[in-house]
Amino acid sequence: MAEQFNYQNAPQQQNVDVQNAVNAAMQEQKKKKRKKRLIILAVIAVVIIALIALMSGGNDDDSKTISDSDTAASQSADETTAAPTEKKVNAGQEVTLEKMKVKFISCDADYKDYDEYSEPKSGNKIVRAEFEFENTSDIDISLSNFDCYADNKKCEEYYGADDYASPALESVSAGRTLTSIVYFEVPENAKTVELEMDDELWGSTKTIFVIK
């Protein structure tokens, strides 16, 4: 019985051995293919890295130049944006702004029509300027303060005149006009006297009215 059992199972055992051998051969072949793929991928990666290194090394100077110029241009643009734009106007002239027209009617660089009780401090004098504001927009406009600079130094406003009518924080209705007169106390020997006005209450542009 034992001999008959072994004889009957012999072909099956051979088939198993053959299948095992085939599987082992296939596994070995797969390992070899995998190694070849890894080697090929490694070679490709080395080539790509070398090409990138060559390209970046060759463009180093150009990149730096472009970056520097772009930075300089950006800084210049920022400075231009931040710096207020100035328009200078002389007496008798009119300037057109975004939402209104301003007429610089007249100015007096040495105003003396004040009484003895309203005299300026010793060494100072009074300047006077008259304006007309026309609102050309369809909304009410609030005017900003006037500032006076004598030789680039800020001066105080003078309140002793009877017809004083400062435009400070006044509101002008759409299509309406406002006439105002301002006075400032400045040094007698000042070489330049200018009034400075923001075009809008919180605007970044300024209009300069030249007194002297």
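Given the structure is predicted, the values throughout are model-derived calculations rather than measurements.
Taking Lys212 as the reference, nothing meets the salt bridge (Lys or Arg N to Asp or Glu O under 4.0 Å) condition, with sequence neighbours excluded. For Asp140, there are no salt bridge (Lys or Arg N to Asp or Glu O under 4.0 Å) partners two or more places apart in sequence or in a different chain. Take Thr192 and apply the side chain to side chain contact (heavy atoms under 4.5 Å, CB included) test, not counting sequence neighbours, and it matches Asp151. Under the rule for a salt bridge (Lys or Arg N to Asp or Glu O under 4.0 Å), Lys101 has no partner lying at least two apart in sequence or in another chain. With sequence neighbours excluded, the residues satisfying side chain to side chain contact (heavy atoms under 4.5 Å, CB included) with Ala91 are Phe104, Cys107. For Asp115, there are no salt bridge (Lys or Arg N to Asp or Glu O under 4.0 Å) partners at least two apart in sequence or on another chain. Residues passing the side chain to side chain contact (heavy atoms under 4.5 Å, CB included) test with Lys154, sequence neighbours excluded: Asp147, Tyr149.
The closest side-chain heavy-atom distance from Val89 to Thr207 is below 4.5 Å.
Listed by first and then second residue, the salt bridge (charged side-chain N to carboxylate O under 4.0 Å, His left out) pairs involving residues 155-175 are Arg128-Asp163 (not counting sequence neighbours).
With respect to Phe209, the side chain to side chain contact (heavy atoms under 4.5 Å, CB included) criterion is satisfied by exactly one of Gln93, Met197, Glu194: Met197.
Residue Tyr114 is found in a hydrophobic cluster whose other members, listed by chain and number, are Tyr111, Ile126, Tyr158, Tyr159, Tyr164, Ile181, Tyr183; membership requires side-chain heavy atoms under 4.5 Å apart, directly or through intermediates. Through direct or indirect side-chain contacts shorter than 4.5 Å among Ile, Leu, Val, Met, Phe, Trp and Tyr, Tyr117 is connected to no other residue. Grouped with Val210 in a hydrophobic cluster is no other residue, since no side-chain heavy-atom contact under 4.5 Å to another Ile, Leu, Val, Met, Phe, Trp or Tyr is found.
Residues Val186 and Cys148 approach most closely at CG1-SG, 3.8 Å, considering heavy atoms. When all heavy atoms of Ala190 and Val193 are compared, the pair lying nearest together is CB-CG2, 4.1 Å.
Counted within 6.0 Å of NZ on Lys103, heavy atoms from surrounding residues, nucleotides or ligands total 12 or fewer; the atom is thus considered open.
Although no hydrogens or angles enter the test, the distance criterion places a donor-acceptor pair under 3.5 Å between the side chain of Lys125 and the main chain of Ala109.
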Donor-acceptor list for residues 130-139 side chains, cut-off 3.5 Å, not counting sequence neighbours:
from	atom 1	to	atom 2	distance (Å)
Asn135	OD1	Ser137	N	2.9
Asn135	OD1	Ser137	OG	2.7
Asn135	ND2	Ile139	O	2.8
Asn135	ND2	Val172	O	2.8
Asn135	ND2	Ser173	O	3.2
Thr136	OG1	Lys99	O	3.0
Thr136	OG1	Met100	N	3.3
Ser137	OG	Ile139	N	3.3
Ser137	OG	Ile139	O	3.0

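Interatomic distance, CD1 of Ile208 versus NZ of Lys88, reported as 7.0 Å (0.5 Å rounding). Note that OG1 of Thr205 is 7.0 Å distant from CG of Leu97, once rounded to the nearest 0.5 Å.
Hydrophobic clustering (side-chain heavy atoms under 4.5 Å, transitive across Ile, Leu, Val, Met, Phe, Trp, Tyr) keeps Val127 apart from Ile105.
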